[in-house]
Amino acid sequence: MKINNQNYQSIWLDESDPSVVKVIDQQKLPFFFETKELRSVDDIYCAINDMTVRGAPLIGAAGAFGIYLATLEINSLTNPRDHLANAARYLVSCRPTAVNLSWAVAYVMEKLSFDLPPEALSERARVAAIEICETEKEHCRQIGNHGLKLIEDIYQNNGEKPVNILTHCNAGWLGCIDYGTATAPIYFAHDKGIPVHVWVDETRPRNQGAKLTAWELGQYGIPYSLITDNSGGHLMQHNKVDIVIVGCDRATCTGDVANKIGTYLKALAAHDNNIPFYAALPSSSIDFSIADGLNEITVEVRNPDEVTSISGFSEGTIKSVRICPEDTIAVNYGFDITPARLITGLITEKGVCRATEKDIKKMFSDKIK
Ligand code: MRU
């Protein structure tokens with residue numbers, strides 16, 4: 001993506017010092033565009049933990065680079081196998097819901113053979129982490145092409161009126177490496193001259209919609225309106241939404257989808273109003289080992305402070321203010337599960353399929369062990 005005429009992806013290796021991983025600091029957007037340097041496994045862990053980086057494909061890539069940085073920490077006193085196994089466990093423990101994190105860490109670990117000298121081990125990890133970034137980028141591009149057809153069809157069937165798309169949270173290029181998952185079809189439709197308008201759910205408590213999706217779409221020149229999380233149902237009842245496209249943090253082999261808290265309510269409203277509801281995801285977000293989203297996906301429970309306070313921009317700085325009585329007890333679930341029966345389809349790098357075990361397994365037969 002281009003920001004101020006410069007091409008960015010959301011994570012990359014510093015060209016002048018390949019022991020440094022660079023990321024866009026998502027805690028500061030949209031108020032400040034800043035990059036951050038990550039130099040150790042701890043730096044990566046903290047960046048995922050405090051949401052400097054977030055979004056399923058991006059935390060996967062960050063975890064992969066975490067293993068690479070762990071290889072650079074090996075010295076004559078460390079046992080490479082133990083050191084890397086500990087780093088892998090530590091990184092994966094950071095956020096439990098998005099399967100991309102454990103998938104990417106395992107992918108890099110599998111490429112390593114511990115009898116190699118440290119430099120060769122690092123090189124293997126570096127190549128694997130970069131491969132993950134390149135593959136995720138390409139998969140998001142393919143998701144864009146497949147999702148574009150859905151938007152094009154709506155445009156043609158609706159008498160070439162602007163297509164109204166509702167999205168939740170940020171499944172954009174910031175949360176991926178580039179293009180985004182839910183946003184890629186939107187960007188591609190816009191590039192093709194199809195008029196689109198996006199309803200952006202603010203996505204409490206952290207407001208990734210208001211802060212990140214609104215910023216991304218604005219940078220690309222895509223018309224959008226920010227709405228409160230409770231507005232979607234009303235808009236759907238009044239024919240103001242043509243399609244819902246959301247991202248995904250973990251899908252089961254049966255098509256249940258974990259995504260940012262509130263996604264399920266959008267799917268229910270879409271179902272009640274006969275509006276197509278799609279989840280866009282690369283195959284790295286599918287957990288082929290589980291079949292029951294409600295019972296098998298761990299939903300992250302986050303700090304209640306995110307609910308009792310809200311952060312925004314005032315007098316040149318980012319400030320946080322409490323929005324409830326001082327001693328309020330709050331609970332903060334990060335994700336919910338949308339059952340497959342509410343999902344019209346999954347937009348993947350291989351095409352659009354129904355959210356059923358049969359279709360998913362057919363589309364990804366190469367991934368089934
Ligand atoms: O808690 P977050 O901001 O990491 O949650 C992100 C989402 O729920 C996204 O929709 C998901 O990761 C899709 S892909 C960027």
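Read the numbers this way: they start at 1 and go in the same order the structure lists the ligands and their atoms.
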Parallel, tilted or perpendicular, as decided by the 30° and 60° cut-offs, for the rings of His234 and His238: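 Rings of His238 and His234: tilted, as their planes differ by 30° to 60°.
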Whether Tyr187 and Tyr220 hold their rings parallel, tilted or perpendicular, with breakpoints at 30° and 60°: tilted
Heavy atoms of other groups near Asn7 CG, more than 12 under 6.0 Å: yes
Atom NE2 of His271 with >12 non-hydrogen neighbours under 6.0 angstrom: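 Open: at most 12 neighbouring heavy atoms sit under 6.0 Å from NE2 of His271.
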Within 45° cone and under 6.0 Å: Lys28 NZ/CZ vs Phe33 ring: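 No, Lys28 and Phe33 do not form such a contact.
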Sorted by chain and number, the residues that approach ligand 1 to under 4.0 Å with a heavy atom: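 Within 4.0 Å of ligand 1, protein side: Met51, Arg54, Gly55, Ala56, Pro57, Arg95, Cys169, Asn170, Ala171, Gly175, Cys176, Thr181, Gln208, Gly247, Cys248, Asp249, Asn259, Lys260, Phe335.
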Residues Asp256, Arg341; criterion salt bridge (Lys or Arg N to Asp or Glu O under 4.0 Å); working and verdict: CA-CA 8 Å; Asp256 296 340; Arg341 66 187 159 78; over 6 Å; no
